Each structure stands twice: as structure tokens, then as C-alpha cells.
Amino acid sequence: MEQLVADGATCLRVNGLELSRFMLGTAQLGMSGYGINNNGGQVNAESLLGRCEQWGVNCYDTAYEYGDAELKLGKYFQGKKIPFIASKLKIDMDLTSEREIERQIFARTEAILTRLQLEAIPALLVHNPDMVEKYGHTISTVMRKLRTEGLIERGGISYGADPVRQYDAVSGLASDDIYEVVQIPLNLFDRRLVQCGAMQSFGAGGKIVVVRSVFLQGLFFMREDALPEKLRVDAGRLLGQLRTLAAAEDLSVAQLAVSYIRDMAGVHCLIIGAESEQQIDDNVRLINGPSLLAETRARIERLFSDVPSDVITPSVWR
């Protein structure tokens, strides 16, 4: 992995690709109120994508479920150089035959292609590892067929709210080289996939590792009195410790969070959302920001070694 630093967003070369380390999360482009600490209004997708292009950002995370985000990406990049777009695939969990599984995967892939206005999706990720757990090698076989027929360039898996269980359930199947891209939740409070050995496995398998939830969906920036009631005690205490640590290092909480994940072995891209051009600018500066001292990293890992599951699982907050 070779890291490149220019006037714009830091990039790296991995698996023959040149990727910006900042990957724009596009949920906000298609859905209002995504995350716990966003404004909830409509964003100007063309303005945000244009700002990313100015900075040299060439990585975008999206999904069919993100409202019309795929449509906006497709419209903006029509006639331009195709960036690294990772979208996600969901199919029904009650299918009873390999033929049904293949038919639905192909139909939903073609719908994504139409929305993105692409001939091939740079990366198509299985949105729920439970699909791989239930349907086994059939999913891998069909994903490989999509690649052979030129509908996708590479496949992948996105791990969800219970990533360790999911990793344990599909680790054998997920080692297949069709799953070249792995998307995972990882942040200062949530190191489960490091602690269970998954990150080491991804590295050994040559996976492109994309990290989401770097700011724990905005939780890191919330005031204690604005936290959901069920989080106030545990999250309030942990956020206080986080802010004290950031102040001691003379860094913002955001820079501490980004630098810690960016420099973790095996991490390639960080998904960060934005609602304004200013936030795009801020995100690029964070990605290009300073590294942490080894003792600071060690202190983070001591302080946040056993965070309660409610705090690191956004799906249970509301």
C-alpha cells in the first residue's frame, strides 16, 4: 500500500487502484436526518460532489436504500471519469431455490446500474452478511457470474450491527476472492473486529478495508444533555473521557477519531458523510491531519477497551 499526498485529499494505491482515503458517505444525499447528530435538511448533492471532485476525492459509498443517492451520483458523473463507487445489494431472505436467488441478484444489480448510469459497478457489496450465511456458496457463485459478465468489477461484504457474530458465521465463505472489498464499523469506542482477529484476517486475505462509523454516527460530537436517555450515563462518561484526552493532545475530537482509524494497520478508506461544502473541506483536512503518538494510541485502547454494547450499536439508540 503506497500513500500519496498532494494538494488535495490523501490517496493510496491498493490492489491496483488509486483510492482517496476519504470516501464520501452518500446517505445524506438521498435521505434527511441520517445519523444521530445531523441537521436533517435536504443537501445540495451537486454542490457536495463538485467539492469532492475539486479535492480529488474519488471514492463514494452508496446503497439502493439511500433514497435517491444513486440517482444523484449517476447524474453527476455522467460523461465524467468513473470514480470508485461502492454500492450494496440486498435480496429477500425467504428465497427457496438457486434460480430465484440468481434472478433476484441480477435484477437488483441491473436496477443499481440503471440508477448509477454505469455499465459496471466498481464494487458491489452484499449489504447483509446474513445473506451469505443463509445462501452460502450460491451467493459467491452468482457474484462471480456478475463479475464474469462485466456487471461488476469486484464484490464485497458490508458487516452490520453485530459484526463479530457475522464475521464468525461467514469468515470461511467471505475469504473467497470475489469478496475483495470489506466494509466494517470501527471507531475509538468500537474495536471489536480488531479484538476478534478479523482485521488481521482481512489483511492476510488482501481485502480492501473501508471503515464507516468513524464518528459513531455523530455521537462523538453530542452534548451529554442531548443524548438519548438510555445512553446518558455510559455514553456521557465515555464522551467526557474522550474530550479530556483530545484536549490533552491539543487535537479536536474529530481529528483524534480520524487519525486513530486512518493509521490503523489494514485500513484503506474512511467513509464520512457531509451536509455542506464546508464539511467536505473539513473532512479532507482531517484525513490529511497529523498522526498520533504511539503512547496516545495505547491510551485510547486502554480507556475504551470495554465499551457497553448499547453505546456502540446505533440501531438500539432509538
Side-chain angles (χ1 to χ4, degrees), residues 1-32 34-35 38-39 41-88 112-125 152-154 156 181 183 208-212 214-215 254-255 258-259 261-262 267-289:
M1 182 177 76
E2 179 186 358
Q3 184 160 291
L4 312 169
V5 181
D7 293 335
T10 303
C11 296
L12 56 78
R13 290 194 181 103
V14 56
N15 293 10
L17 297 168
E18 185 172 315
L19 305 175
S20 59
R21 304 214 65 184
F22 170 29
M23 173 180 271
L24 180 69
T26 66
Q28 287 96 331
L29 269 61
M31 302 189 300
S32 63
Y34 183 81
N38 289 320
N39 294 328
Q42 293 296 316
V43 302
N44 185 327
E46 186 170 353
S47 172
L48 264 61
L49 295 173
R51 196 65 155 198
C52 284
E53 195 172 26
Q54 290 172 13
W55 278 112
V57 174
N58 70 347
C59 293
Y60 299 88
D61 171 74
T62 193
Y64 193 92
E65 288 72 22
Y66 294 171
D68 59 358
E70 288 178 329
L71 292 168
K72 290 173 179 174
L73 283 167
K75 179 181 178 182
Y76 183 83
F77 286 107
Q78 183 65 18
K80 300 184 178 185
K81 182 179 179 180
I82 299 169
F84 184 79
I85 299 175
S87 192
K88 305 182 194 73
I112 294 169
L113 284 165
T114 298
R115 286 159 65 90
L116 290 172
Q117 300 187 50
L118 294 176
E119 294 183 0
I121 304 168
L124 182 65
L125 280 56
I152 68 172
E153 295 176 4
R154 55 192 59 77
V181 183
Q183 185 182 129
I208 297 172
V209 176
V210 175
V211 172
R212 71 172 185 276
V214 177
F215 302 135
Q255 188 66 68
V258 167
S259 293
I261 296 299
R262 181 200 62 203
V267 170
H268 299 112
C269 300
L270 283 65
I271 299 172
I272 309 176
E275 297 179 320
S276 67
E277 290 185 18
Q278 182 61 55
Q279 288 182 358
I280 297 291
D281 297 347
D282 292 343
N283 292 340
V284 171
R285 293 187 183 103
L286 291 169
I287 288 288
N288 292 354

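Being a predicted model, the structure only gives us computed values, none of them experimental. Note: hydrogens, waters and symmetry copies are ignored here, and every other heavy atom, side chains too, is used.
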Practice prompt. Any chance you could lay out the side-chain contact (heavy atoms from CB on, under 4.5 Å) test for Ile112 and Leu124, step after step, and finish with the verdict?
Written response: CA-CA 9 Å; Ile112 294 169; Leu124 182 65; 3.9 Å; yes
Taking atom [atom1] of [X] and atom [atom2] of [Y], what is their separation to the nearest 0.5 Å?
X: Arg262; Y: Thr10; atom1: CZ; atom2: OG1; value: 7.0 Å
X: Cys269; Y: Ile261; atom1: SG; atom2: CD1; value: 13.5 Å
X: Gln255; Y: Ile287; atom1: CD; atom2: CD1; value: 9.0 Å
X: Cys52; Y: Met23; atom1: SG; atom2: CE; value: 11.5 Å
X: Leu19; Y: Leu17; atom1: CG; atom2: CG; value: 5.0 Å
X: Lys75; Y: Leu116; atom1: NZ; atom2: CG; value: 15.0 Å

Practice prompt. Please answer whether the main-chain N or O of Val210 pairs with a side-chain N or O of His268 as donor and acceptor at a distance below 3.5 Å.
Written response: no
Worksheet item: Where the side chain of Ser20 meets the backbone of Asn58, is there a donor-acceptor pair that is under 3.5 Å apart?
Response: yes
Heavy-atom distance under 4.5 Å between the side chains of [X] and [Y], does that happen here?
X: Val258; Y: Val214; result: yes
X: Val57; Y: Ile280; result: no
X: Glu46; Y: Asn44; result: yes
X: Phe77; Y: Tyr60; result: yes

Practice prompt. Begin from the C-alpha positions of Arg21 and Val267 and carry the test side-chain contact (heavy atoms from CB on, under 4.5 Å) through to its verdict.
Written response: CA-CA 9 Å; Arg21 304 214 65 184; Val267 170; 4.3 Å; yes
Which residues share a side chain to side chain donor-acceptor pair (under 3.5 Å) with [X], sequence neighbours left out:
X: Asn283; value: none
X: Glu153; value: none
X: Glu53; value: Tyr76, Lys80

Worksheet, complete the sentence: residues 112-124 vs salt bridge (charged side-chain N to carboxylate O under 4.0 Å, His left out), sequence neighbours excluded, gives Glu70-Arg115
Discussion item. Apply side-chain contact (heavy atoms from CB on, under 4.5 Å) to residues Trp55 and Asp281 and explain how you reach the verdict.
Written reply: CA-CA 8 Å; Trp55 278 112; Asp281 297 347; 2.8 Å; yes
Minimal non-hydrogen separation, [X] against [Y], with atom names:
X: Glu18; Y: Cys11; answer: CG-CB, 4.2 Å
X: Asp61; Y: Lys88; answer: OD1-NZ, 2.8 Å
X: Ile82; Y: Pro122; answer: CG2-CG, 4.2 Å

Discussion item. Counting only heavy atoms from other residues, nucleotides and ligands, does the tally under 6.0 Å from CD of Glu65 exceed 12?
Written reply: yes
Worksheet item: Got a sec, which residues hit salt bridge (charged side-chain N to carboxylate O under 4.0 Å, His left out) with Glu277, two or more places apart in sequence or on another chain?
Response: Arg51
Worksheet entry | Test log, rule side-chain contact (heavy atoms from CB on, under 4.5 Å), inputs Leu49 and Leu29 | CA-CA 10 Å; Leu49 295 173; Leu29 269 61; 4.1 Å; yes
Item to complete: Sequence neighbours left out, what passes side chain to side chain contact (heavy atoms under 4.5 Å, CB included) with Ala123? Give chain and number order.
Response: Phe84, Ala86, Leu125, Arg154, Val181
